[in-house]
Amino acid sequence: MLETLGYASPDELMAATVPEDIRLAQTLALGEGLSEQDALEHLRAIAAQNQVWRSFIGLGYANTITPLVIQRNVLENPGWYTQYTPYQPEIAQGRLEALLNFQTMVTDLTGLEIANASLLDEGTAAAEAMTLSFNVRKRKDVKTFWVSDACHPQTIDVVKTRAQPLGIQVVVGDHRNFDVAVPIFGALLQYPATDGAVYDYRDFIVQAHEQKALVTVAADLLSLTLLAPPGELGADIAVGSTQRFGVPLGYGGPHAAYFATLDRYARKLPGRLVGVSKDSYEKPALRLALQTREQHIRRDSATSNICTAQVLLAIMASMYAVYHGPKGLKAIATRIHHLTTTLATALTQAGFSVGTTPYFDTLRVNVGDRQPDIVSRAAQQHINLRILNAETVVVALDETTTEQDIQDLLGIFTGAQSELPQAAASPLAHHCPLSRTSDYLTHPVFNTYHSETEMLRYLQRLQSKDLSLTTAMIPLGSCTMKLNATAEMVPITWPEFGQIHPFVPSDQVRGYHKLFQELEEWLSEITGFAGVSLQPNAGAQGEYTGLLVIREYHRQRGETHRTVCLIPESAHGTNPASAVMAGMKVVAVACDDNGDIDLQDLTAKADKHGDQLAALMVTYPSTHGVFETGIRQICDVVHAHGGQVYMDGANMNAQVGLCRPADFGADVCHLNLHKTFCIPHGGGGPGVGPIGVQDHLKPFLPGHGLVSHVGGEKAIGAVTSAPWGSASILPISWMYIAMMGAAGLKQATEIAILNANYIAHQLRGHYDILYTGKHGLIAHECIIDLRPFRKSAGITVEDVAKRLIDYGFHPPTMSWPVAGTLMIEPTESESKAELDRFCEAMIAIRGEIEAIATHQIDADNNPLKQSPHTTEDLVSDWDRPYDRQQAVFPTNWTRDNKFWPAVNRIDQAFGDRNLACSCPPLTAYKSES
Ligand SMILES: *Cc1c(COP(=O)(O)O)cnc(C)c1O
């Protein structure tokens with residue numbers, strides 16, 4: 001490949017690609033790479049330093065049993081975890097169906113009308129509910145958000161962090177003495193409350209509605225199988241975690257949060273939404289609805305910056321509901337509730353008071369001065385309880401709790417062995433006004449797959465509709481769909497990582513802390529930064545966190561007036577969206593014809609805003625896939641005006657081992673561990689977006705209200721519910737770096753750049769390559785221009801993308817950062833054979849376009865316009881000017897390895913006009929039977 005490009009060595013190619021003045025002289029101090037076996041052995045020793053105790057801590061996290069059929073066939077299955085976000089719905093019907101099930105599950109259980117396809121965690125979901133309520137408020141002068149003190153403390157923290165830069169006042173109080181005189185735009189309640197109490201919020205909600213405030217209820221989904229759902233209590237929004245639906249605790253994440261609301265707020269709903277549309281044969285087909293709301297289009301008018309969410313975990317939770325069905329879920333909840341009642345009865349008999357009734361699974365036990373004995377007896381038995389205050393302990397039960405556990409707990413409280421009593425009648429028995437009476441999960445999908453055989457086949461059926469990395473390269477520019485090695489994935493299901501509650505005492509998680517420390521040190525070395533925070537659980541979260549850190553830096557220096565954030569026109573849409581959330585004013589900077597930042601415009605804008613300048617956000621290499629040569633100068637201009645440089649590190653795969661953001665002028669940078677550092681994309685999450693910062697920003701790294709040793713001395717508030725975000729997937733990146741070592745990481749970068757340049761070289765002459773650096777080279781991705789074909793042949797980017805599916809490939813990134821183009825990023829993981837196959841496909845498609853342009857084939861009825869082709873096409877009347885062979889077997893490769901899309905081209909506009917975002921109603925099935 002080097003020969004093709006005319007270079008003698010990788011070094012020579014790098015010298016021509018990466019600007020001289022930023023190249024790293026030394027080798028990264030990371031040592032040699034380990035073999036898979038050695039790395040796993042090291043990690044096993046680290047994992048062994050974690051202690052898996054029985055935790056009854058609650059706080060929104062519960063032990064759960066992941067059905068093994070789901071663990072093996074979803075969580076541990078590359079057919080599911082290597083998928084990309086379903087932007088190409090024709091090859092994503094499987095995960096779209098799973099997500100539609102998730103949305104249906106959430107709307108049914110919460111009693112609301114519409115739900116999205118997951119958010120990052122309960123705390124950020126509550127914060128998103130606050131912003132939605134804020135944005136739709138009628139009285140613009142009302143800026144108070146009321147939060148119940150019965151919410152989980154970490155939720156309150158995240159809400160406070162998010163409120164501050166937006167000028168929202170958070171008032172925390174007791175809902176029982178809510179002061180109606182204070183005008184509020186929204187309120188947040190917890191159901192059941194953090195100490196287990198189940199309150200009837202109906203009166204509160206009526207009062208809040210009288211002031212036109214929206215009410216959000218953070219609710220535990222499992223409890224809603226027995227309790228009247230928030231929608232029936234009158235709530236406008238429900239949020240929460242779906243973790244206890246079969247997703248391991250993982251020391252805090254990743255888990256899928258949910259967000260449900262009323263139809264009238266559909267267009268304000270944060271995150272992605274799956275909707276039902278139809279394909280060209282009028283068959284029902286799924287797609288992401290309302291995509292025009294996404295931040296890459298809305299930029300600074302976006303209402304949320306969420307991009308990567310928690311798709312894989314949402315799929316797991318939805319499958320848990322599919323497998324257990326409504327009866328199974330209710331049985332699980334009833335059993336937990338019964339055990340709780342047994343414990344409550346026994347404790348009451350032993351003279352303890354156990355808080356208000358009704359309760360579901362959590363008891364607030366007043367232990368008075370017996371607390372020290374109780375705590376020490378619990379520790380002896382390796383049991384964690386939640387210490388609420390000096391006299392109160394909270395015990396939360398879950399699906400894994402046994403009678404023996406209840407016996408043990410009782411012994412811990414009483415200090416004696418005693419018989420378990422017959423539980424008294426459940427406080428949630430039918431006479432309770434908060435008992436659930438309405439049905440849920442009545443749809444066939446939740447009532448069909450209850451045997452393992454049926455479940456296995458359902459999972460396989462969905463998986464086979466989706467193109468993942470197990471089928472072919474997914475050359476998505478900016479997304480870095482590289483290999484997620486099996487050795488990297490193996491540790492995430494080790495119990496020492498999976499079965500740990502996020503709020504256990506730190507001496508039980510020495511292993512985790514060793515892992516964090518090593519990973520932080522390695523990421524510091526790779527980026528050159530002095531400090532790293534692992535808390536942000538997606539790239540856009542990292543942006544937001546980094547900007548808050550910058551904001552705090554200016555504030556501490558008395559420069560609160562620095563609020564302007566310069567962002568190049570070409571930036572990823574999350575950049576301006578994050579800046580707005582951080583309370584900054586976005587000013588766009590122009591790009592020149594070459595796609596680079598226009599230095600003159602940058603200087604002019606920096607001059608103009610002078611002492612108002614807070615930051616510049618810049619992506620490097622640029623979103624156009626080029627190593628801009630002026631990057632040092634760009635950083636200097638910003639620094640000269642007192643601003644800070646935020647680097648979007650999504651393109652770090654082109655830098656690792658060759659240059660370091662901290663060395664050439666960045667003050668903060670986020671990394672996408674789910675891009676560069678091998679965490680799989682999961683169909684749209686999970687992710688991790690750690691930030692690295694220079695020394696002067698270290699004191700402000702985010703802290704956490706419940707855990708003291710997190711973040712800097714002057715830490716900003718928590719940005720996620722858990723102190724280390726998505727802790728349980730960090731072993732993936734640890735394994736990657738451990739196995740690669742310094743030389744391996746550098747080589748990977750070189751190959752990534754080589755692969756991209758090889759593709760550009762092979763396609764040149766057939767397509768125009770937009771934006772190249774000096775010597776006509778690109779970085780790790782290339783943009784090909786399809787705009788000329790619109791005029792010459794009426795062919796759009798979408799036509800080419802869908803036709804690539806017929807050739808067995810996932811289309812590259814469409815129309816970003818430039819409309820009418822495709823951006824291709826092959827990564828280092830693809831072989832020359834795969835790159836050649838891809839180029840062969842692209843060149844063949846170019847020939848098909850030419851046939852249209854030269855009128856050899858009809859402009860509307862041709863392989864591109866009719867793509868992608870399905871088996872349905874083959875058995876339909878064939879009145880087309882090209883044959884079936886060309887349609888579905890355009891290359892020899894496809895004849896042997898055909899990937900069949902499940903549906904034909906999907907009507908995007910129809911789906912938005914007829915928004916349907918839960919499983920089709922039962923009447924749709926009646927006609928079939
Ligand atoms: C992926 C990406 C982001 C956002 O990261 P998420 O993890 O999806 O939140 C931001 N900027 C660029 C350039 C990206 O490619």
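When a ligand or atom number is given, it counts from 1 through the structure's own listing order. These figures come from a predicted structure and were not determined experimentally.
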Just by modelled atom types, is the [Y] backbone N or O under 3.5 Å from a matching donor or acceptor in the [X] side chain?
X: Glu825; Y: Cys782; result: no
X: Thr82; Y: Leu469; result: yes
X: Asn537; Y: Val688; result: no

Centroid separation His572 to Trp816 less than 6.0 Å: yes

Any nitrogen or oxygen of [X], side chain or backbone, less than 3.5 Å from one on ligand 1?
X: Cys307; result: no
X: Thr623; result: no
X: Lys675; result: yes
X: Gln541; result: no

Tell me whether Arg162 forms a cation-pi arrangement with Tyr544, defined as NZ or CZ under 6.0 Å from the six-membered ring centre and within 45 degrees of its axis. yes

Checking side-chain hydrogen bond (donor to acceptor under 3.5 Å, both in side chains) for the pair His670/Tyr646: CA distance, chi angles, key distance, verdict? CA-CA 8 Å; His670 82 259; Tyr646 182 95; 2.7 Å; yes

Atom 15 (O) of ligand 1 sits nearest the protein heavy atom Ser478 OG, 2.6 Å

Please compare [options] and report which has the shortest non-hydrogen distance to [atom].
atom: atom 12 (C) of ligand 1; options: Cys479, Ala650, Gly684; result: Ala650
atom: atom 7 (O) of ligand 1; options: His674, His681, Glu825; result: His674
atom: atom 5 (O) of ligand 1; options: Leu673, Thr308, Asn672; result: Asn672
atom: atom 11 (N) of ligand 1; options: Asp648, Ile306, Thr813, Leu671; result: Asp648

Strictly below 4.0 Å, N to O, side chains only: are Glu830 and Lys482 in salt-bridge contact? no

Considering only heavy atoms of Glu543, which atoms of ligand 1 have at least one such atom less than 4.0 Å away? 10 (C), 11 (N)

Ala540: numbered ligand 1 atoms lying under 4.0 Å from its heavy atoms: 5 (O), 6 (P), 9 (O)

Measure up the Trp734 and Trp522 rings against each other and bin them: parallel (under 30°), tilted (30 to 60°), perpendicular (over 60°). tilted

